[in-house]
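Atoms within each ligand, like the ligands themselves, are counted from 1 in listed order. Heavy atoms only: backbone and side chains are in, while hydrogens, waters and symmetry mates are out.
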Amino acid sequence: MKILYSQKHLSHVPHYEIFDGHQDHHAEAPSRVENIKKSLIANGFKISNPIKTTPLYLIKVVHDKDYVDFIKNWSVYSYPSVFPYNDLSKNRRLTNPLANLGKYSFDLYTPMHQNVFEVALESSSLAYDLATDVAKQRIKVGYALCRPPGHHAEIAKMGGYCYFNNTAIAAQYLSGYGKVAVLDVDFHHGNGTQNIFYGRGDVLTVSIHADPNWKFPFYTGFKEEIGVGNGRKKNINYPMPKGTTDNQYQKTLEKALVKITDHRPEYLVVALGLDTHRDDFFFGFKLTTKYYTKMAKTINSLDLPTLIVQEGGYNTKLLGDNVVSFLNGFI
Ligand SMILES: [Zn+2]
């Protein structure tokens, strides 16, 4: 298994998030990735740095060109204050930076600052670099230790701590070599990946997550969202109840894998979140550290070239053990 990590993420330190009007501790901290890295080394996994950088044109296939330029050109630490409140501004070129900040954001958890472009580009590069190896079958399994995460980033919206959608960028690249399935096992709905591939028949998107009637991102992740046009029936959501256990999760995962097999993919991208753990900061599901090995073994039974992309997971004390448990299911 090839694992990529980069220390560039250390310059991404969100000061706080605004939840229900309050300044809260920001959960997406540098210690997340450092803790995972430490556990991987302690457990004998070899870690390398990326060699390749994601080409800008590829990011602009997945994301709106103006959105990418907005992130590239931003220079101060900021949160949005006003969001677009009707459609009259839809096709207007907005010149006020604060208007664009609201236009390209969907929450108050995801601050902008001068290093966002650099760190988001590097994060995506871990996934892209491994995708080039997976596509050419130089490796069977890769794990990209991405930070910031990406699966909430939509075509032209950042949110949920995400700026560029690392999972979608890798899936887009792989789709040039064959049909792709994306399996999102993060606690939260992968709204960004759904949004990006919603009309695509060649990239199946499957997400198992907390019911949006109960948890973030609230507006998407429902069963009825099945895709449109060529993408009809190529988007599958499994909203799960509070307190979901290992057994409940396993049953749903097995159903999801049947759908993935039906799609006949040549490549699999797993959006890996460990915020499904029973002691995670979100305290939503009740999955155990031991179960992640079984989850991974079940996914690996598909026997596909697989790229695992790190998404969420916020209990830094457990994150390393949980990633190691998951990766053990692939070796
Ligand atoms: Zn999450």
(message) Under the rule for side-chain hydrogen bond (donor to acceptor under 3.5 Å, both in side chains), what residues qualify as partners of R278, not counting sequence neighbours?
(response) none
(message) So does I51 get a backbone contact from the side chain of D129, meaning a donor-acceptor N/O pair under 3.5 Å?
(response) yes
(message) Test of geometry: compute the angle ND1(H188)-the Zn ion (ligand 1)-OD1(D186) and round it to 10°.
(response) 100°
(request) Give a yes or no on whether H209 keeps an N, O or S atom under 2.8 Å from the Zn ion (ligand 1). (result) no
(request) Tell me whether the centres of the aromatic rings in Y163 and Y161 are closer together than 6.0 Å. (result) no
(request) Tell me, please, whether F106 has K157 positioned over its six-membered ring: NZ or CZ under 6.0 Å from the ring centre and within 45 degrees of its axis? (result) no
(request) Measure from the Zn ion (ligand 1) to each N, O or S atom of D275 and report whether any distance is below 2.8 Å. (result) yes
